[in-house]
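One structure below.
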Amino acid sequence: MEIKKIIDRYVDKFASEIEQVLAKIKEYPRIILFRHIRPDYDAMGSQMGLYYWLKVNFPQKEIYYVGENHVTLMNHCFPLTQDVPNDLFDQNTLSIITDTSNKNRISDERYLKTGYIIKIDHHNIDDFNYGDIQIIDDKLASASELVMAVLLKMGKEYSMPKESLTMFFKGIVGDTNRFLYSGVNDLTFALSTIITFAGVDIYKAYQEMYNKGHDEFNTKKYILDHMNFTPKGVGYYILTKEELNRLNLYPELAKDYLDLFEFIEGLPIWMSVSYNPSRKNYRVSIRSSGLSLIAVANKYHGGGHPNAVGACLNSLDELPLLLNDLDDLIC
């Protein structure tokens, strides 16, 4: 099947919304792009891919991006966020928010002061209350795929710069764990074909994303040595405040080690539990090999995708309850 037909099959249903988005881009003199709190590859990739596309195709407009920086990936993998003055957030500004399912996760509340809001996302639709235009497809593995496909449908008169393709590639790779997750489909590979055909340096992108220091090995060893299992086989590791300090590990990176358990036979659910110093609670990330985790995540103040969710615990006293709920998912 031709690449164009694959893209059409996924985004033609958004034809009206895409036309409206393009009209709003043309209408507003200033556009500010937003991402979610505690950004990951997809949040930054979808936002920055869109940023470079706008800069090239609408050079006469003011284009900015905001959001907290990632603790380790800025400068070498993604650019540092911009310091945008408060007076630019007004009724003459268009906000475009990518990869962010609900208002509480938007990493800059100043979007509320802007004149119009567009939401492009791939999570479950759990907040209908933000976004004057919404383009949402929760069947896609990454928001970067959706944003890139939407831009390709804008028309041949708009160019797709290599900087955008590089950002989208990082977002796709990050949210699919290098194409390993079940959400990967023909659109994922169709867009990746476009990216590689355009000459994006894939090896360099992987280096920027995944090169690690020596502390990485000590952390992996600790987690593998301290993995726990419930009676029904839920695997989990806990990183307390003291352990994070001893390992010299940023709390935001605690969930990154879940990939160690992705393909262990007979492990239906695996989870990280790590101390969150900003809120003095525990951040939880859960993965499964096919079981839907949404209901359990919602019970513990979280959400996400069926097989990959986040949640939080007020203290470790709540952990046995969470583990019991996860055990109940397993036959």
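Both backbone and side-chain heavy atoms feed into the values below; hydrogens, waters and symmetry mates do not.
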[X] versus [Y]: any side-chain heavy-atom pair under 4.5 Å?
X      : Y      : value
Lys232 : Ile269 : no
Leu165 : Met148 : yes
Asn185 : Leu140 : yes
Leu258 : Trp270 : yes
Ile97  : Ile118 : no
Met74  : Pro79  : no
Leu253 : Tyr250 : yes
Tyr64  : Leu33  : no

Give a yes/no verdict on a cation-pi contact between [X] and [Y], requiring under 6.0 Å between NZ or CZ and the six-membered ring centre and an angle within 45° of the axis.
X      : Y      : value
Lys26  : Phe58  : no
Lys24  : Tyr116 : yes
Arg178 : Tyr210 : yes

Shared hydrophobic cluster for [X] and [Y] (ILVMFWY, side-chain gaps under 4.5 Å):
X      : Y      : result
Leu80  : Tyr52  : yes
Val296 : Leu316 : yes
Leu54  : Val56  : no
Leu73  : Tyr257 : no
Tyr236 : Leu247 : yes

### Task
Give me the ring orientation class for Tyr275 and Tyr282: parallel if the planes are under 30° apart, tilted from 30 to 60°, perpendicular past 60°.
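Rings of Tyr275 and Tyr282: perpendicular, over 60°.
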Rounded distance [0.5 Å steps], [atom1] in [X] versus [atom2] in [Y]:
X      : Y      : atom1 : atom2 : result
Asp317 : Leu321 : CG    : CG    : 9.0 Å
His36  : Asn104 : NE2   : CG    : 14.0 Å
Leu319 : Asn324 : CG    : CG    : 11.0 Å
Ile117 : Phe34  : CD1   : CZ    : 8.0 Å
Cys312 : Arg279 : SG    : CZ    : 7.0 Å
Ile135 : Ile120 : CD1   : CD1   : 5.0 Å

Verify, without hydrogens or angle tests, whether [X] (side chain) and [Y] (backbone) share a donor-acceptor contact under 3.5 angstrom.
X      : Y      : result
Asp121 : Ile136 : no
Glu262 : Asn177 : no
Glu19  : Ala15  : no
Gln47  : Met44  : no
Tyr41  : Val173 : no
Thr176 : Leu180 : no
Ser164 : Gly49  : yes
Ser192 : Thr188 : yes
Trp53  : Ser159 : yes
His70  : Thr72  : yes

### Query
Of the options Lys153, Lys5, Lys4, which is the one that meets Asp12 in a salt bridge (charged side-chain N to carboxylate O under 4.0 Å, His left out)?
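Output: one option passes, namely Lys153.
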For [X] versus [Y], what's the shortest heavy-atom pair and its separation?
X      : Y      : answer
Ala308 : Leu293 : N-CD1, 4.2 Å
Cys77  : Met167 : O-CE, 4.0 Å
Ile31  : Lys61  : CD1-CD, 4.2 Å
Val66  : Phe89  : CG1-CZ, 4.1 Å
Gly233 : Pro268 : O-CD, 3.5 Å
Glu318 : Asn314 : OE1-N, 2.7 Å

Does the side chain of [X] pick up a donor-acceptor pair with the side chain of [Y] at under 3.5 Å?
X      : Y      : answer
Glu109 : Tyr111 : no
Glu216 : Thr219 : no
Tyr10  : Asp186 : yes
Ser144 : Ser46  : no

Within 6.0 angstrom of [X] [atom1], more than 12 heavy atoms from elsewhere:
X      : atom1 : result
Lys13  : NZ    : yes
Asp328 : CG    : yes
Glu265 : CD    : no

Looking at [Y] and [X], is there a salt bridge between them, counting it only when a charged N and a carboxylate O are closer than 4.0 Å?
X      : Y      : answer
Arg287 : Asp259 : no
Lys170 : Asp42  : no
Asp108 : Arg110 : yes

### Task
Step by step, work out the side chain to side chain donor-acceptor pair (under 3.5 Å) result for Glu163 and Thr166.
CA-CA 5 Å; Glu163 292 88 349; Thr166 301; over 6 Å; no
#### Entry: Identified side chain to side chain donor-acceptor pair (under 3.5 Å) partner of Arg30 from the options Thr114, Asp90, Asn92
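Looking at Thr114, Asp90, Asn92, the match for Arg30 under the side chain to side chain donor-acceptor pair (under 3.5 Å) is Asp90.
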### Task
Apply the side chain to side chain donor-acceptor pair (under 3.5 Å) test between Asp99 and each candidate in His122, Lys119, Arg35, Arg105; give the one that qualifies.
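Of the listed residues His122, Lys119, Arg35, Arg105, the side chain to side chain donor-acceptor pair (under 3.5 Å) partner of Asp99 is His122.
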### Task
Determine, step by step, whether Asp175 and Tyr181 satisfy the side chain to side chain donor-acceptor pair (under 3.5 Å) criterion, reporting the C-alpha distance in whole Å, the side-chain angles of both residues, the deciding distance to 0.1 Å, and the verdict.
CA-CA 8 Å; Asp175 242 27; Tyr181 290 159; over 6 Å; no
### Task
Could you go through the side chain to side chain contact (heavy atoms under 4.5 Å, CB included) check for Phe261 and Leu224 one step at a time?
CA-CA 9 Å; Phe261 309 97; Leu224 289 169; 4.0 Å; yes
### Message
As a quick check of understanding, evaluate side chain to side chain contact (heavy atoms under 4.5 Å, CB included) for Ile330 and Val234, giving each step before the final call.
### Response
CA-CA 9 Å; Ile330 304 169; Val234 175; 3.6 Å; yes
### Distance flag, aromatic centroids of Tyr206 and Phe169, threshold under 6.0 Å
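That pair passes the under 6.0 Å test.
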### Proximity of Phe189 and Phe179 rings by center, below 6.0 Å
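Ring-ring flag for Phe189/Phe179: true, centres closer than 6.0 Å.
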